Amino acid sequence: KESENWAWSRICAGKPADFDGGLPGTPLANDISARFMNALLFDGDLRAQVPHYGVHIAGAHFADALALGNAAPGFELALERSDFLGNVDFHGLSDADEVSFAGSRFASLLDLDGAKFGATLKFNDGAEVAYLRLVRATIAGNADFNTISVSRAPMPERPNTPHTPSLQPRTPQVRGG
């Protein structure tokens with residue numbers, strides 16, 4: 001895909017792949033596939049080519065569900081001002097560097113269960129999440145949850161067990177401080 005080739009060239013140059021930046025040569029399409037993200041985070045040869053600056057993608061469109069559980073990028077990861085339509089599974093993510101979802105919109109579940117953040121975790125700039133799972137996660141640095149909104153009730157871990165009475169959905173708003 002042209003959009004992924006462009007993003008990869010920006011990443012390798014140590015620059016953000018900002019689809020909204022208006023830079024010359026920015027492709028019109030901003031689609032990033034699950035396959036591309038899996039390669040970035042799990043293919044050792046590709047990960048070795050990511051410069052110290054890390055991966056910064058902004059203004060992208062992720063139509064696929066992302067199964068990125070137990071990823072250990074080893075570099076800064078910023079997926080900002082982007083739209084995620086399917087579930088995003090980052091359970092067990094382990095990264096010593098900053099992770100940012102600032103300004104991004106998640107239409108389904110964002111699973112960060114058991115994640116280990118060694119630096120700052122950002123959900124600022126009006127980030128929106130339909131469902132957020134953040135059980136057993138640890139954050140060694142700062143957590144910026146300013147202006148995040150969670151639009152639906154938390155997803156129960158076992159909705160069909162005999163110990164679970166009828167669940168009434170709520171619409172919580174989480175505001176950081």
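All of these numbers come straight from a predicted model, not from anything done at the bench.
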Could you check D95, T138, L93 and say which one makes a side-chain contact (heavy atoms from CB on, under 4.5 Å) with K116?
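The side-chain contact (heavy atoms from CB on, under 4.5 Å) with K116 is passed solely by T138 among D95, T138, L93.
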Going by the rule ring pair (Phe, Tyr, Trp, His ring centres under 6.0 Å), which residues pair with F84 if we only count those two or more places apart in sequence or in a different chain?
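Applying ring pair (Phe, Tyr, Trp, His ring centres under 6.0 Å) to F84 gives F62, F106.
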If you look at every heavy atom in [X] and [Y], which pair is closest and at what distance?
X: E76; Y: E98; answer: CG-O, 3.3 Å
X: N38; Y: A67; answer: OD1-O, 3.3 Å
X: L85; Y: S108; answer: O-OG, 3.1 Å

May I ask you to check whether H61 and D83 show a side-chain donor-acceptor distance below 3.5 Å?
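H61 vs D83: no donor-acceptor pair found between side chains.
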Compute whether any side-chain donor of one residue and acceptor of the other, for E4 and S33, lie under 3.5 angstrom apart.
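Yes, because at least one side-chain N or O of E4 sits under 3.5 Å from a partner of the opposite role on S33.
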Using atom types as modelled and distance alone, determine if a side-chain donor or acceptor of [X] lies under 3.5 Å from a backbone N or O of [Y].
X: N30; Y: G59; answer: yes
X: N142; Y: T120; answer: no
X: R136; Y: D113; answer: no
X: S104; Y: L79; answer: yes
X: S82; Y: E80; answer: yes
X: S149; Y: E128; answer: no

Run the side-chain contact (heavy atoms from CB on, under 4.5 Å) test on L40 and W8 for me, step by step, so that the C-alpha distance in whole Å, both residues' side-chain angles and the decisive distance to 0.1 Å come before the verdict.
CA-CA 9 Å; L40 270 180; W8 179 242; 3.4 Å; yes
Is there a side-chain contact between H91 and N70 in this structure, where contact means two heavy atoms from C-beta onward sitting under 4.5 Å apart?
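The answer is yes, as the side chains (C-beta and beyond) meet within the 4.5 Å cut-off.
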Less than 4.5 Å apart, side chain to side chain, heavy atoms only: is that true for L41 and F90?
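They are in contact (side-chain heavy atoms under 4.5 Å apart), so the answer is yes.
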Membership question, hydrophobic clusters at under 4.5 Å side-chain separation (ILVMFWY): are F42 and V88 in the same one?
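Yes.
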How far apart are the C-alpha atoms of R35 and D64, what are their side-chain angles, what is the distance that settles it, and do they pass the salt bridge (Lys or Arg N to Asp or Glu O under 4.0 Å) test?
CA-CA 9 Å; R35 183 176 170 195; D64 304 331; over 6 Å; no
Quick check on K15: does its NZ atom have over 12 non-hydrogen neighbours (other residues, nucleotides or ligands) under 6.0 Å away?
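Counting other residues, nucleotides and ligands, NZ of K15 stays at 12 neighbours or fewer.
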Verify side-chain contact (heavy atoms from CB on, under 4.5 Å) between F19 and I32, making sure each step is shown before the conclusion.
CA-CA 11 Å; F19 288 95; I32 300 292; 4.0 Å; yes
Ring pair (Phe, Tyr, Trp, His ring centres under 6.0 Å) with F101: which of F145, F123, F117?
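Result: among F145, F123, F117, F123 is the only option passing the ring pair (Phe, Tyr, Trp, His ring centres under 6.0 Å) with F101.
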